[in-house]
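Contents: one structure, followed by commentary.
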Amino acid sequence: MAREIAKAYEPQQIEPRWAEYWVAEALFKADTKARGPVFSIVIPPPNVTGSLHIGHMLEHTEIDILTRWHRMRGFNTLFLPGTDHAGISTQRVVVKQLMDQGIDYHKLGREEFEKRVWAWKAEAGGQITKQMRSIGESCDWSRERFTLSPEMSRVVRKVFVQLYSEGLIYRETRLVNWCPVCLTVLSDLEVNHEDRQGHLWHIRYPVAGSQEFVTVATTRPETMLGDTAVAVHPEDERYKHLAGKKVLLPLMNREIPIIADAMVDREFGTGAVKITPAHDANDFEVGKRHGLAEIDVMTDDGRMSAAAGDFAGLDRFEARKRIVEDLKTKGLLEKVTEHAHSIGICERSKTIVEPRISTQWFCKMKGLAEPAIKAVREYEPRKENTIQIVPDNRRQEFLNWLDNIRDWTISRQLWWGHRIPAWYCGDCEELIVAEEAPVKCVKCGSGKVTQDPDVLDTWFSSGLWPFSTLGWPEKTADFEKYYPTSLLITGYDILFFWVARMAMLGIHLSGKVPFRAVYLHSLVRTGSGEKMSKTKGTGLDPVVLNQQYGTDAMRFCLASMAAPGTDIVLSDDRLGGARNFANKIWNAARFLFVNLDKFEQGGTAIEELASPEVRALAPYKFKGNVPLVDAWLFSRLASVTEMVNEALANYRFHEAAQGVYQFFWGDFCDWYIEWVKPELQNADRERAIVAWKNLFAGFDAALRLLHPFMPFLTEELWHQLPQRPGTKSIALDKFPVAQESWKNSGALEEFEVLQYLITSVRNIRAEQKLDPKKKIAAELTSKEAAVRELVERNLDTILRVAFLSDLKLIPGKIGVGGVIRSTARFDLRIPFAEIVDSQAEIARSKKEIDGLTKDIASKEAQLANETFRSRAPEKIIKGMEATLEQRRVELRKHMDRVAEFEKSDRST
RNA sequence: AGGCUCGUAGCUCAGUUGGUUAGAGCGCUACCUUGACACGGUAGAGGUCUGGGGUUCGAGUCCCCACGAGCCUACCA
């Protein structure tokens with residue numbers, strides 16, 4: 001059969017077919033009863049209404065590479081996909097959509113709003129999973145989960161009730177982070193701190209019954225309306241006489257006490273601090289200590305409240321301006337200075353967060369954190385119930401954070417999310433926390449029970465993800481088989497948000513760590529070093545790039561740059577390089593197919609190649625011996641496979657990718673294919689058949705090696721090669737095994753000599769500007785068997801360059817009158833004295849002599865050093881001595897040549 | 001304020017416990033359209049590893065300082 005195959009790889013033509021095939025055939029459905037060690041991984045659920053961004057692309061590529069790699073090595077593999085309801089961000093999206101239609105979501109009411117969100121989820125929710133399918137992620141789609149599904153809700157309610165009954169969840173009134181735009185409380189993690197240039201306003205507070213003023217310094221003058229004291233340090237001589245007196249709060253004309261508290265920093269500002277317990281965390285504490293009133297002067301949307309007197313109704317920033325002006329006119333503004341300070345920003349709305357007094361639900365963290373700290377701190381390979389965190393510096397970050405953890409605000413004033421399973425009795429105010437809605441109050445029997453309007457922080461349900469998705473708390477087959485999961489791959493930006501919480505909740509609830517290892521991948525940044533972001537317009541759209549370069553190229557590119565602990569800056573150049581690599585593989589396959597056809601036409605059956613049993617015996621022998629080049633290739637294959645296994649086991653994706661790249665392009669294409677070309681034409685038919693069988697076997701193995709990185713291309717080509725009947729996918733085929741018997745250091749060394757010899761000839765040709773089409777004669781002295789074979793076979797077409805003709809092996813020393821390359825293992829002479837640029841040759845040799853002299857001198861000095869000899873390991877000394885000897889031989893040859901050249905130059 | 005990371009070829013980056021002439025991709029130069037591939041081939045140029053000091057027989061690799069870039073955590077008004 002003649003194979004038709006496009007000249008260039010066109011991923012767009014090929015990818016959709018396989019993406020569909022993988023899903024339709026359910027090839028990646030996990031089977032709890034299947035044999036083999038377990039590899040299970042759950043996806044960090046992306047926002048259900050989101051779409052694939054470049055960060056996902058990296059994350060999913062890494063997950064998929066490791067998943068496919070494990071699967072091919074015979075693991076019982078589960079890759080569980082799913083999505084997150086993403087409370088705040090999803091609600092914000094829908095609220096905005098409604099706003100664009102002129103609809104105020106408040107007016108819609110809770111029930112109708114929730115319907116709208118579900119409708120939006122139905123509409124947009126398929127987007128990201130569809131994209132995941134199209135990029136070929138090898139998930140088990142039959143196990144897809146959603147954090148807000150009824151099943152997940154049941155788990156969430158159960159967990160909430162349990163933690164509440166254990167006293168770990170409680171409700172309290174305290175100062176929290178409030179976003180006036182999202183209209184909800186935020187956890188500390190959802191507040192980002194930014195350094196901004198602000199002002200320090202020095203305001204005079206008149207002391208009651210005196211002409212004196214106390215000047216306070218503040219960055220937030222608008223909060224003064226809620227001041228309930230002024231604090232000074234108890235030992236501050238400047239203010240000692242004022243303690244116990246009162247000041248008249250300007251603009252409000254309210255008398256407030258001057259109190260003494262050690263929290264005041266005498267050095268800062270004026271040494272006197274206004275105390276606003278309702279709007280500042282420190283002041284809140286001081287207020288508690290001194291029994292001060294808490295006056296909330298703002299509303300939930302960031303306006304001044306009725307308690308703000310004349311300023312009521314003003315926006316908080318407008319109020320600030322007006323207050324400053326008023327103070328100025330009243331002569332109470334002493335001065336304004338520049339002041340840099342850190343400001344809390346809502347991670348979603350980017351507005352300034354208000355510290356605000358509010359009653360919320362919290363989760364106690366100290367007790368939960370301890371076992372998680374233990375699990376991470378005590379990590380050792382294979383030690384039960386410990387967690388490995390990679391890279392190592394993140395591990396320390398993780399521990400530091402958990403050591404200083406504070407309680408988690410888990411309630412949110414949103415409508416989209418898991419509603420808190422708490423009910424209040426309208427009559428006796430009893431609080432009822434239960435998995436199912438109570439019909440009546442458990443205390444007074446009143447039927448007037450209403451549910452808490454708040455929902456839970458999104459991260460609460462995602463904190464249960466690794467086990468809730470596997471059927472916990474039931475002891476399902478999935479849970480028993482796949483929990484704890486083997487690995488979690490996610491970004492370090494959600495180390496605390498998500499990883500830490502899963503670790504804590506997982507250990508507490510399931511009794512086991514939720515994952516044995518966490519690999520924190522890099523962030524993909526823009527050229528200027530920023531985190532890529534769609535809102536800033538700095539993001540690259542992976543869907544567009546996949547279309548442009550091919551998904552395999554994209555995957556390969558990301559993998560080859562994904563060095564642990566370093567961020568990735570993606571570029572078109574780099575992507576282009578990966579695309580070229582895909583094309584290279586494609587064209588190597590074309591070469592293979594052409595020859596496959598030729599051999600079929602020649603009457604050779606190719607079916608026997610389809611059997612993996614035969615394949616495992618590769619490389620094939622010719623007259624009882626593996627031909628040198630085949631021995632070399634399979635030796636390289638064994639070490640590359642080993643290297644890839646080692647690299648992937650340690651999350652060193654870049655090493656693995658670069659390793660297969662070098663192997664495929666550098667070894668397989670540049671050397672092996674070129675070498676094999678004349679062999680395929682070998683007059684000895686048997687030799688030719690062995691050559692192409694090994695070519696096939698080598699390519700087939702390379703394809704399987706490449707598959708985890710480039711699934712589409714390899715699947716396509718694999719199907720075009722003879723395969724065992726009934727096998728459905730390369731993804732279910734075997735990953736190459738680094739056969740010890742393939743390793744052949746002798747073949748490696750011999751082949752290296754040949755490579756160097758050939759490179760030398762090409763180099764002479766290039767430097768002497770010899771006509772590439774013209775055959776030239778050459779003489780060679782060498783004791784190497786491979787070199788002799790090369791000469792005997794006279795493979796003058798190797799590497800497309802007709803470089804040798806009448807290559808003669810001569811005994812003894814090679815004369816001058818030509819161009820010579822010398823190494824310790826061979827001398828090569830191309831006797832074309834008349835066209836040789838002897839000056840160039842002399843210059844070249846002199847350069848070599850310089851390098852060699854320096855090197856030899858430094859090695860001699862080293863070796864002469866007694867301390868070195870006594871302290872350096874034997875291996876290093878021996879190696880250095882051997883190299884030194886070689887260098888000396890090379891140096892002598894170069895010096896001889898220069899001398900001879902100069903002599904013959906003078907004589908002509 | 002504390003902690004962390006980074007500074008290696010023109011560009012983007014690798015470089016695993018310190019060990020023999022520091023690597024890759026892209027770019028660059030010269031030559032080559034040869035029946036897998038110009039998204040290609042061949043040959044080549046190009047870094048002394050930000051600067052300074054130290055430890056060591058030996059440092060890009062460990063320590064200290066400086067300069068530069070970035071990240072995370074943090075209640076100083």
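Every chain is numbered from 1, with letters handed out A, B, ... down the list of sequences. Please read all numbers here as calculations on a predicted model, not as lab measurements.
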**Report entry** Distance, rounded to the nearest Å, where A/Ile856 contributes CD1 and B/U20 contributes P
**Finding:** 17 Å
Report summary line: One should read off an interatomic distance between A/Arg501 CZ and A/Leu495 CG, to the nearest 0.5 angstrom, of 11.0 Å
Report summary line: A/His341 atom NE2 is separated from B/C76 atom P, nearest whole Å, by 11 Å
Query raised in the report: How many Å lie between CG on A/Asn583 and C1' on B/G25, as a whole number?
Result: 17 Å
Query - A/Lys677 charged N/C atom sitting above A/Phe591 aromatic ring, 6.0 Å / 45° - result: yes
Query raised in the report: Roughly, in whole Å, what's the span from CE in A/Met643 to C1' in B/G15?
Result: 12 Å
Query raised in the report: What's the closest nucleotide to the A/Arg574 side chain, out of B/G41, B/G44, B/G25?
Result: B/G25
Report task. Give a yes/no answer on whether the side chain of A/Asn400 brings an N or O atom under 4.0 Å of OP1 or OP2 in B/C72. Result -> no
Query raised in the report: Any N or O donor-acceptor pair linking the side chain of A/Lys7 to the base of B/C37 at under 3.5 Å?
Result: no
Query raised in the report: Can we call the ring centroids of A/His233 and A/Phe268 under 6.0 Å apart?
Result: no
Report task. Identify whether any heavy atom of A/Thr759 sits under 4.0 Å from a base atom; if not, whether one sits that close to sugar-phosphate; answer base, sugar-phosphate or nothing. Result -> sugar-phosphate
Query raised in the report: Does the distance from a Lys or Arg side-chain N to an Asp or Glu carboxylate O, for A/Arg356 and A/Glu294, drop under 4.0 Å?
Result: no
Query raised in the report: Whole Å only: how far is the CG atom of A/Leu495 from the P atom of B/C72?
Result: 12 Å
**Report entry** Watson-Crick or G-U wobble mate for B/U5, both contacts under 3.5 Å
**Finding:** B/A69
Query raised in the report: With both distances under 3.5 Å as the test, what is the Watson-Crick or G-U wobble partner of B/U42?
Result: B/A30
Requested in this report: For A/Val273, answer base if it contacts any base atom (sugar-phosphate contacts may also be present), sugar-phosphate if it contacts only those atoms, and nothing otherwise; contact means non-hydrogen atoms under 4.0 Å.
Outcome: base
Requested in this report: Calculate the interatomic distance between A/Gln658 atom CD and B/U12 atom C1'; express it in whole Å.
Outcome: 12 Å
Requested in this report: Assign A/Asn282 to base, sugar-phosphate, or nothing according to its heavy-atom contacts below 4.0 angstrom with the strands shown.
Outcome: base
Query raised in the report: Base, sugar-phosphate, or nothing: which does A/Leu200 touch, judged by heavy atoms less than 4.0 Å apart?
Result: nothing
Requested in this report: Would you mind reading off the distance between A/Trp401 atom CH2 and B/G3 atom C1', rounded to a whole angstrom?
Outcome: 16 Å
Requested in this report: Have a look at A/Pro873 and say if it touches a base, only the backbone sugar-phosphate, or nothing, with a 4.0 Å heavy-atom cut-off.
Outcome: base
Requested in this report: Indicate, with a heavy-atom threshold strictly under 4.0 Å, whether A/Arg652 touches base, sugar-phosphate, or nothing.
Outcome: sugar-phosphate
Report summary line: Taken to the nearest 0.5 Å, the spacing of A/Ile343 CD1 from A/Arg220 CZ works out to 8.0 Å
Requested in this report: Give A/Lys875 one of three labels, base, sugar-phosphate or nothing, depending on what nucleic acid heavy atoms sit under 4.0 Å from its own.
Outcome: nothing
